Amino acid sequence: MLVYPSGIDLSSRTLQHLSGLLAGHRRRIGSWWRRLTCGQQALLVLAHLRCGDTYARFAAGFRIGIATVYRYIRGAVDLLAALAPTLEQAMTTVRRKAYVILDGTVLPIDRIAADRPYYSGKKKHRGMNVQVLADPVGRLIWASDALPGATHDLTAARSHGIPAALAADNIKCWADKAYQGAGRAIRVPIRGKHLRGWRRRHNQDHARIRSLGERAMAILKSWRLLRKLRCSTTRITAVVRAVVALELAT
């Protein structure tokens with residue numbers, strides 16, 4: 001297989017951060033020699049998450065076996081995922097904000113037609129439902145565990161305990177129409193078509209505030225692996241949490 005040099009649109013600080021985490025992990029477990037240095041392993045993992053290439057391509061580029069690529073990526077992803085904040089930890093950050101924006105997305109996955117629980121009728125493709133909290137300027141605060149794509153956003157939010165957590169601290173939250181009935185803490189647009197007067201102005205102001213939450217979604221999906229996940233659905237939560245940990249750390 002031919003190989004060629006390429007670039008990754010990430011800062012060297014991100015590479016140094018992950019390399020330091022890997023070095024500390026190797027010291028803790030007493031692993032003093034690997035086929036790749038900590039810096040090389042960090043580069044491999046970041047390339048995988050950011051670019052979404054296959055294990056076979058990375059094996060050729062780094063001159064290691066496919067099984068080794070898998071072990072290096074899985075180990076680093078699990079290490080990062082453990083550092084991502086839980087909802088309770090994220091609430092500490094949320095309490096310092098004037099309000100937060102809640103939104104959900106369906107990350108596309110490579111599933112066969114028989115996998116109906118993963119099919120999103122809204123998005124018309126198979127995927128995993130992830131709920132995201134963003135601050136008033138669209139910075140990513142927290143992302144939930146991944147649920148099958150057929151899960152409605154309101155059901156997903158309730159299963160993660162998001163409405164209850166926001167209501168407990170009386171935190172204002174803006175969300176779209178999918179969250180109708182989520183509770184007093186979550187503000188949604190007025191339902192109906194062809195609205196006029198104050199109702200129309202209310203929905204326009206609501207959309208103006210909520211639109212900034214799309215920036216958090218764009219940040220999440222700038223990691224191209226999340227645009228087409230080919231791994232097991234049991235691994236997607238760890239991948240999402242690893243991406244969140246990297247974004248919050250750097």
Side-chain angles (χ1 to χ4, degrees), residues 1-27 29 31-84 105-115 118-119 123-128 130 140 143 146 149 217-250:
M1 184 181 292
L2 296 175
V3 297
Y4 64 94
S6 184
I8 309 173
D9 54 341
L10 291 171
S11 67
S12 58
R13 184 174 62 178
T14 306
L15 178 66
Q16 293 167 359
H17 171 71
L18 180 53
S19 179
L21 289 177
L22 292 170
H25 177 67
R26 290 186 184 185
R27 285 194 298 270
I29 65 175
S31 178
W32 301 106
W33 183 88
R34 297 282 183 93
R35 289 292 301 275
L36 297 181
T37 65
C38 294
Q40 290 172 326
Q41 183 182 355
L43 183 62
L44 166 66
V45 174
L46 292 177
H48 173 67
L49 294 174
R50 194 69 170 186
C51 304
D53 281 337
T54 62
Y55 291 164
R57 290 185 177 182
F58 289 123
F62 284 86
R63 293 182 172 83
I64 55 178
I66 294 177
T68 304
V69 171
Y70 172 80
R71 288 197 305 271
Y72 279 178
I73 290 175
R74 184 184 178 105
V77 165
D78 288 343
L79 184 64
L80 287 167
L83 301 177
T105 186
V106 177
L107 303 176
I109 61 173
D110 186 13
R111 295 278 96 183
I112 61 175
D115 293 328
Y118 299 99
Y119 184 78
K123 297 296 183 180
K124 307 302 180 186
H125 62 71
R126 289 161 186 82
M128 299 294 284
V130 174
L140 184 65
M217 289 297 184
I219 290 172
L220 196 65
K221 294 181 180 179
S222 66
W223 298 83
R224 297 175 187 87
L225 180 65
L226 298 181
R227 299 179 190 176
K228 187 64 174 181
L229 288 152
R230 292 183 291 268
C231 61
S232 168
T233 55
T234 60
R235 293 291 303 162
I236 292 176
T237 291
V239 172
V240 172
R241 290 177 63 84
V243 167
V244 171
L246 284 170
E247 283 292 342
L248 296 180
T250 58

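Being a predicted model, the structure only gives us computed values, none of them experimental.
When all heavy atoms are compared, the tightest approach of Gly127 to Val106 is CA-CG1, 3.7 Å. Listed here is the closest heavy atom pair of Val244 and Ala143: CG2-CB, 3.6 Å. Leu140 approaches Leu220 most closely through the heavy-atom pair CD2-CD1, 4.3 Å. The two residues Ala76 and Val45 make their nearest non-hydrogen contact at CB-CG2, 3.4 Å. The two residues Ala81 and Ala238 make their nearest non-hydrogen contact at CB-O, 3.6 Å. Between Ser19 and Ala42, the closest heavy-atom pair is N-CB, 3.8 Å.
Separating the CD1 atom in Ile109 from the CZ atom in Arg230 is a distance of 13.0 Å, to the nearest 0.5 Å. The SG atom of Cys231 sits 10.0 Å away from the CZ atom of Arg74 when rounded to the nearest 0.5 Å. Between Thr250 atom OG1 and Leu15 atom CG the span is 11.0 Å, to the nearest 0.5 Å. Atoms CD1 and NE2, on Ile73 and His48 in that order, are 4.5 Å from each other to the nearest 0.5 Å. The distance from atom CZ of Arg26 to atom CD of Gln41, rounded to the nearest 0.5 Å, is 5.0 Å.
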Return all side-chain donor-acceptor pairs below 3.5 angstrom for residues 54-66, not counting sequence neighbours, or 'none' if the list is empty.
{"unit_1": "Thr54", "atom_1": "OG1", "unit_2": "Arg57", "atom_2": "N", "d": "3.4"}
{"unit_1": "Arg57", "atom_1": "NH1", "unit_2": "Asp53", "atom_2": "OD1", "d": "3.3"}

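Within the 4.5 Å cutoff, no side-chain heavy atoms of Leu229 are placed close to those of Met128. Ile8 is listed as a side-chain neighbour of Leu43, based on a closest heavy-atom distance under 4.5 Å. The closest side-chain heavy-atom distance from Ile236 to Val130 is not below 4.5 Å. Residues Arg50 and Ser222 are in side-chain contact: their nearest non-hydrogen atoms beyond the backbone lie under 4.5 Å apart. Side-chain contact between Val240 and Leu226 is present, with heavy atoms from C-beta onward closer than 4.5 Å. Annotation: side chain of Leu10 is in contact with side chain of Trp223 (closest heavy-atom distance under 4.5 Å). Between Leu246 and Leu49, some side-chain heavy-atom pair lies under the 4.5 Å cut-off. Residues Arg34 and Arg71 fail the side-chain proximity criterion, which asks for heavy atoms closer than 4.5 Å.
Residues Asp78 and Arg235 are paired through a salt bridge, judged by an N-O separation under 4.0 Å between the basic side chain and the carboxylate.
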Test Leu36 against Thr68 for side-chain contact (heavy atoms from CB on, under 4.5 Å), laying out the working first.
-> CA-CA 10 Å; Leu36 297 181; Thr68 304; over 6 Å; no
Run the side-chain contact (heavy atoms from CB on, under 4.5 Å) check on Leu107 and Lys221 step by step: do they pass?
-> CA-CA 9 Å; Leu107 303 176; Lys221 294 181 180 179; 4.1 Å; yes
Does the side-chain contact (heavy atoms from CB on, under 4.5 Å) test come out yes or no for Asp9 and Arg224, once each step is laid out?
-> CA-CA 11 Å; Asp9 54 341; Arg224 297 175 187 87; 3.4 Å; yes
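Panel note: side chain Arg241, backbone Ala84; a donor-acceptor pair is recorded below 3.5 Å.
Open room surrounds CZ on Arg35; 12 or fewer heavy atoms of other groups in view lie less than 6.0 Å from it.
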